[in-house]
Amino acid sequence: MLRAGSAVTCIACKNLLPSRMGVKFRVPLQKLHPLSRAIHHRYSSNNNPQRPPHCSAARHYTSLSRLPMRPPKSRSGGHGYQQHRSFWVASLAARLLKLRYILLGSAVGGGYTAKKTYDEWKDMFPDMSQYTWIVPDFVWELSENIDLDKLASALPELEEIAKLLPDMEKIGENFTFLKSLLSSETTGESTLRVTDVPPTSAAMSDSSDKQFKKSSDKEKIDQLQEELLRTQLKYQRLLERLEKENKELRKVVLQKDDKGIHQRKVKKSLIDMYSEVLDILSDYDSNYNTQDQLPRVVVVGDQSAGKTSVLEMIAQARIFPRGSGEMMTRSPVKVTLSEGPHHVAMFKDSTREFDLGKEEDLAALRHEIELRMRKSVKEGQTVSPETISLSVKGPGIQRMVLVDLPGVISTVTAGMAADTKETIFSISKAYMQNPNAIILCIQDGSVDAERSIVTDLVSQMDPQGKRTIFVLTKVDLAEKNLASSSRIQQIVEGKLFPMKALGYFAVVTGKGSSNESIDSIKDYEEDFFQKSRLLRDGMLKAHQVTTKNLSLAVSDCFWKMVRESVEQQADAFKASRFNLETEWKNNYPRLRELDRNELYEKAKNEILDEVISLSQVTPKHWESILQKKLWERVSTHVIENIYLPAAQTINSGTFNTTVDIKLKQWTDKQLPHKALEVAWETLQEEFARFMAEYKGKDQDDIFDKLKEAVKDESIKRHKWNERAMDSLRVIQHNALEDRSITDKPQWDAAIHFMEETLQSRLKDTDSVIADMVGPDWKQRWLSWKNRTPEQHIRNETKNELERLLKLHEDHTAYLANDEVTTVRKNLEARGVEVDPVLIKDTWHQLFRRHFLQKALLHCNLCRRGFYYYQRHFVDSELECNDVVLFWRIQRMLAITANTLRQQLTNTEVRRLEKNVKEVLEDFGEDTAKKVQLITGRRVQLAEDLKKVREIQEKLEAFIEALHKEK
C-alpha cells in the first residue's frame with residue numbers, strides 16, 4: 001500500500017494543477033519554462049517508466065516489518081516441553097502485543113511520512129504572488145476600463161459559428177464516393193450491375209454508364225473544390241473580422257496605457273531601441289574595421305517596380321512622394337515601423353508628429369520628405385547617399401526597420417548626372433553587402449522578366465539566397481497581360497530567375513492611381529486573389545499572396561536575423577572600444593576625453609571671456625590708441641594738402657583763410673569717414689590682441705583655427721552705426737573752428753606736437769633723398785657700396801639745386817621753366833644728361849627738406865610767442881599762426897578720440913559681443929563647420945570613443961530587453 005502511495009500522490013499532484021496553466025507532462029522537462037519545471041512533481045512516474053518510483057518512506061517501513069528469522073528451537077525432553085507449554089499463553093500475548101506495536105508504529109510513521117511528503121510537494125510550488133508583476137497592470141483593470149459583458153455579447157454565437165462550418169456529413173459522403181470510385185477502378189469491378197439485359201445492350205449501357213460516371217465525378221470534384229474555397233473564404237472573413245476587433249481592442253488598451261492610467265514609467269519599445277543604434281551607426285566612421293553589420297530590411301528594385309508602394313502597404317499609409325515614371329526616391333529612407341495607439345510618423349531630428357489619418361498631414365509629410373531628399377542631393381548630382389530617418393507607429397503594424405533605396409536604372413536620361421547609374425549601384429551594394437541585411441527584392445510583374453536589372457545585382461550580393469525575399473508586384477496586370485499563367489508560377493517558384501530566395505510572394509499594390517487609399521488597395525488586393533485563377537488553380541499558395549502575409553514573413557525573418565547577429569556585433573564593438581581606449585591612454589594620458597562638441601563648448605567659453613575683456617579696457621587706453629592711429633591716418637593730408645599750401649602764402653590773413661577753407665572741405669568730405677575707419681580698425685585690433693594674448697590654465701592650441709574663424713566672421717557681420725557720422729562731423733567742425741588757446745601749457749603742447757610732426761616729416765624726406773642719390777662717401781668707403789648711374793645723375797642734380805637754394809632761400813615751392821633749363825644746361829656742361837622731370841622731382845624733395853628745416857627753426861622761435869598770441873601778434877614781427885593750426889588739429893584729435901571711445905564702449909563693444917555670440921551659436925549648429933574648425937587625431941579619437949561607447953551601451957540595453965521579451 002505504501003509503495004502505491006507515491007504514485008497516487010503524483011496523480012493527485014497532477015489533478016491539483018489547473019488545466020489553464022498549460023503544463024503538459026508529455027513535453028520533455030528540459031523544454032519547459034522554469035516555472036513549469038518547478039511545478040512538475042519530482043515523484044511523477046509516468047515520464048520514465050523504466051525508473052522505479054521514489055518511495056523511500058515505503059522502504060523504511062518495510063524494513064521494520066521484515067524482522068530477522070529466528071531459528072526454530074528443538075524440543076528436547078519433557079522439561080522443555082513443559083516450559084513451552086507453561087509460557088505459550090505469555091508468548092502468544094507477547095506476539096499479539098508486538099503486532100499491535102508494529103501496526104501502531106507503522107500508522108504513526110506512515111502519517112508522518114505522508115505529512116513530510118505533502119510538505120515537500122507543497123514546497124515545490126512557486127510563490128505565485130512574487131510573479132504578479134509579469135502580468136501587466138491593465139489586465140487586472142480590464143474589468144474596470146472595458147465592458148467585458150458588452151464585448152462578450154459582440155462575439156458571434158456558437159450557432160453562427162456552426163453555420164459557417166462545412167457540412168462534414170456531405171463532405172464525408174463525397175469522400176466515400178470518391179474512395180469507392182477509386183477502389184472500383186483499381187479492382188476493375190463494376191459498381192453498378194445490370195441484370196436481365198441482353199449482352200449487346202448491356203455493353204452499350206455499361207459504356208454509357210461509364211461516361212456518365214466520369215462526367216458526374218468531374219462535377220463532384222469541381223463542386224468539392226468550390227465548396228472548399230467557399231469554406232476557406234468564410235473562415236478568412238471570420239478571421240479578418242476577429243483580427244479587426246482585436247486591433248480595435250489593442251488600440252483602446254494602448255490609448256488607455258498611453259494616457260498614464262497606470263502611473264508607471266514609459267519605456268522605449270524594442271524596435272525604437274534598435275533604431276537608435278542604427279541611427280548612431282549611420283554617423284559612425286570606424287577606423288578599426290568595425291563595420292555596421294546589424295540587420296535591416298533593404299528594399300531594392302528597378303525604377304517604378306513598386307518598391308515604395310510595397311513599403312507603404314506595410315506601413316499602412318501613403319507617406320512617400322509619388323511621380324509618374326520619374327525618379328522620386330533620391331536618397332535612402334530608413335523607416336522604423338512599430339506598434340502604437342495612434343497612426344503617426346515622425347522624423348529623427350524633429351519633434352513634429354504627422355497624423356497619418358489626416359490627408360493634410362500626409363501631404364505635409366510627403367512634401368517634407370521630398371524637400372529633405374532634394375536638400376541632401378549635392379549640386380550637379382541626382383541621388384544622394386545621405387539617409388533620411390523616419391519612424392511610423394500605428395495599431396497592428398509589424399515591428400521592423402526598412403530602408404527604401406533609389407530604384408535601379410539601366411539608362412541615364414536627360415537631366416540626370418552622368419554617374420547616376422553607378423551611384424545608385426554603389427549605394428545599393430553598400431547596403432546589401434551587409435551579411436545580416438535582409439534583401440527585399442521587388443520585381444515588376446507587368447513587364448518582361450528579362451528586362452529586370454535588380455535580380456542580377458541581388459544574385460551577386462546573395463548567391464545562395466539565404467537572406468533574400470522575392471516580391472512580384474502588379475500581379476493583376478501580369479495575369480491580364482501574360483498569355484500563359486504558368487510563367488507567373490515559374491517566377492514565384494524561383495525557376496525563371498537564376499537568383500535564389502528564402503521565400504517568394506505575389507502582391508497587388510493598387511490600380512495605379514496615386515489617390516487610392518490603403519484600405520481600398522487592401523480590398524482590391526483581397527478581391528483579386530479571391531477571384532484569381534492563380535490561387536484557385538494552385539499556382540500560388542495562400543501564404544504567398546497579399547502584403548499582409550509578406551509583412552508578417554519579413555518581420556519574422558528580421559527578428560530572427562537580429563537575434564542571431566546582435567550579440568556578435570556587440571562583441572565586435574567591445575573589442576573596438578578596448579583598442580581605442582588603449583590608444584588614448586598611450587598618446588594622451590593626461591588629457592580628458594573631450595569630443596568635438598565638448599571641445600567646442602570649452603572654446604566658446606574662452607572666446608566669450610576674451611570678448612568680455614574688451615569692456616575692461618580703460619578710457620585712457622582707448623583714447624590714446626584712437627588719437628595716435630587717427631593722426632597716423634590723416635597726418636599726410638594735413639601736411640601736404642593744408643599746412644604746406646597755406647605756408648606758401650604771403651601774409652597771415654591769407655594763411656588763416658586758406659587753412660579755414662581747406663579744413664572745412666576736409667571735415668565735410670573725408671575726416672568723419674577716416675575717423676570711423678580708424679575706430680573700427682582699432683576695435684578689431686584690440687579684439688584680436690585679446691584673443692591672441694589670452695593665456696588661461698586650459699589654453700589649447702587646438703582652438704586657434706576656431707577662434708580665428710569666429711573673429712573674422714564676427715568682424716564681417718559687424719556694421720558700424722552710420723548715424724554717428726553726422727554727429728561726429730558737427731563735433732569735428734566745431735573743434736577745428738576754435739582758435740582760442742587758453743593757457744601757456746596748451747601753447748607748449750601745440751609747439752611740441754608741431755615739432756614732433758615736422759621732425760618726423762624731415763626724417764622721412766632725408767630718407768627719400770638718400771635713396772635717390774645713393775650712398776655718400778662714408779658708406780662707399782666703409783660699406784663698399786657704389787652708386788648706380790641713375791643715383792649718380794640724381795646726386796649731380798641735387799648738388800646743382802642746392803646751389804640754387806643757397807642763392808634764393810625764400811624761393812617758392814615750384815621751379816620756373818627757365819630755371820629748369822638753366823639747371824639742365826649746367827649739368828650737360830659737366831657731362832650729365834638729365835631729364836626735366838627728374839629735375840622737378842628732385843627739386844620737390846629738396847625744397848620740402850628746406851621748408852621743414854625753416855619750419856623747425858620758426859617753431860623754436862614760437863616757444864616764447866604765447867604773449868604775442870594773446871595780443872593777436874599786434875606790433876610784433878613774430879607770427880605763429882602755424883602753431884595755432886597744429887593746436888586746432890591736436891584739439892580736434894583729442895575730441896574725436898573721446899567721442900569714438902564713448903561710442904566704442906557704450907555701443908560697438910556690446911554689438912560685437914552680440915555678434916560673437918550669434919556666430920558661436922551658428923557654428924554650434926553647423927556640424928560640418930565644427931568638423932572643419934576643430935580637427936586632429938585627438939579630436940577624432942575622442943569622437944570614436946564616444947560613439948563606440950554609446951553604441952555598445954545601447955546594444956547591451958537592447959540585448960537585455962530582447963532576452964526579457966523571449
Side-chain angles (χ1 to χ4, degrees), residues 618-647 652-653 655-683 720-758 760-761 859 862 865-866 869-870 872-873 879-908:
T618 61
K620 183 178 180 181
H621 180 74
W622 278 120
E623 292 180 9
S624 174
I625 296 175
L626 289 169
Q627 188 171 349
K628 180 181 178 182
K629 292 183 69 66
L630 182 59
W631 175 239
E632 290 176 356
R633 183 65 59 87
V634 303
S635 59
T636 301
H637 181 84
V638 170
I639 298 298
E640 302 294 336
N641 298 330
I642 298 176
Y643 176 59
L644 289 178
S652 61
F655 177 87
N656 291 331
T657 302
T658 304
V659 166
D660 290 342
I661 293 173
K662 291 186 175 294
L663 287 177
K664 180 69 168 57
Q665 294 175 350
W666 183 45
T667 306
D668 291 340
K669 296 180 179 180
Q670 299 182 13
L671 184 58
H673 291 281
K674 295 289 184 182
L676 291 182
E677 288 178 3
V678 167
W680 177 222
E681 291 176 3
T682 304
L683 179 60
W720 199 273
N721 188 5
E722 298 294 338
R723 292 180 297 178
M725 186 178 295
D726 296 333
S727 59
L728 181 62
R729 181 181 291 108
V730 174
I731 292 172
Q732 290 173 337
H733 185 71
N734 293 335
L736 290 172
E737 283 186 345
D738 188 8
R739 296 188 184 90
S740 59
I741 304 176
T742 57
D743 53 15
K744 186 69 167 55
Q746 292 183 5
W747 180 268
D748 293 338
I751 290 177
H752 180 69
F753 176 60
M754 177 181 175
E755 188 176 19
E756 284 186 347
T757 303
L758 294 177
S760 175
R761 293 292 164 177
C859 182
C862 287
F866 182 69
Y869 165 76
Q870 288 179 327
H872 304 288
F873 302 106
E879 292 183 356
C880 298
N881 293 312
D882 50 357
V883 177
V884 177
L885 170 62
F886 277 91
W887 179 82
R888 293 165 69 182
I889 298 295
Q890 187 182 31
R891 186 169 181 272
M892 182 274 298
L893 292 174
I895 293 175
T896 301
N898 181 268
T899 304
L900 293 175
R901 187 266 306 168
Q902 292 180 6
Q903 185 176 356
L904 282 172
T905 56
N906 296 335
T907 306
E908 304 303 330

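Predicted model, so just to flag it, every value in this text is computed and none were measured.
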Indicate yes or no: at least one non-hydrogen side-chain atom of Thr636 is less than 4.5 angstrom from one of Asn641. no

Once ring pair (Phe, Tyr, Trp, His ring centres under 6.0 Å) is applied, do any residues pair with His637, and if so which ones, sequence neighbours excluded? Trp666

Would you say the side-chain atoms of Gln732 and Thr667 include a donor-acceptor pair closer than 3.5 Å? no

Using a distance-only test with no angle check, is there a side-chain donor-acceptor pair under 3.5 angstrom linking Glu737 and His733? yes

For Trp622 and Leu900: C-alpha separation, side-chain torsions, deciding distance, then whether side-chain contact (heavy atoms from CB on, under 4.5 Å) applies. CA-CA 9 Å; Trp622 278 120; Leu900 293 175; over 6 Å; no

Find the distance between OG1 (Thr658) and CG (Leu885) and round it off to the nearest 0.5 Å. 11.0 Å

Side chains of Trp747 and Cys880, heavy atoms from C-beta outward: is any pair under 4.5 Å? yes

Between Ser635 and Arg761, which heavy-atom pair has the shortest distance, and what is it? OG-NH2, 2.8 Å

We want to know whether Glu756 and Ser760 form a side-chain donor-acceptor pair, criterion being a heavy-atom distance below 3.5 angstrom. no

Charged N-O contact under 4.0 Å between Asp748 and Lys744: yes

Using the test salt bridge (charged side-chain N to carboxylate O under 4.0 Å, His left out), find all partners of Lys628 that sit at least two apart in sequence or belong to another chain. none

From Glu623 atom CD to Gln902 atom CD, the distance as rounded to the nearest 0.5 Å: 8.0 Å

Would you call the rings of Trp631 and Phe886 parallel, tilted or perpendicular, where under 30° means parallel and over 60° means perpendicular? perpendicular

When rounded to the nearest 0.5 angstrom, what is the spacing between CD1 in Ile889 and CE in Met754? 12.0 Å

Going by heavy atoms in the side chains, are Gln665 and Ile661 under 4.5 Å from each other? yes

Taking the side chain as every heavy atom from C-beta outward, state whether Ile751 and Trp887 have any atom pair closer than 4.5 Å. no

What distance do Ile741 atom CD1 and Gln746 atom CD have between them, rounded to the nearest 0.5 Å? 7.0 Å

Any side-chain heavy-atom pair of Val659 and Val884 under 4.5 Å: no

Nearest-0.5 Å distance, CZ of residue Phe655 to CG of residue Asp660: 10.0 Å

Could you tell me whether the side chain of Thr657 and the main chain of Gly653 form a donor-acceptor pair under 3.5 Å? yes

Taking the basic N atoms (NZ, or NE/NH1/NH2) and the acidic carboxylate oxygens, is any pair closer than 4.0 Å for Arg891 and Asp738? yes

Rounded to the nearest 0.5 angstrom, the CZ-OG1 distance for Arg901 and Thr899 is 9.0 Å

Mind listing the closest non-hydrogen atom pair of Pro672 and Leu728 along with its distance? O-CD2, 4.1 Å

Does NE2 in His752 sit with more than 12 non-hydrogen atoms of other residues, nucleotides or ligands closer than 6.0 Å? no

Would you mind reporting whether Gln670 and Val634 have side-chain heavy atoms less than 4.5 Å apart? no

Under the rule for side chain to side chain contact (heavy atoms under 4.5 Å, CB included), what residues qualify as partners of Ser652, not counting sequence neighbours? Glu879, Asn881

Check Glu908 against Leu683 and note the closest heavy-atom contact, atom names and distance. CB-CD2, 4.1 Å

Name the one of Asn898, Leu893, Leu904, Thr896 that satisfies side chain to side chain contact (heavy atoms under 4.5 Å, CB included) with Leu626? Leu904

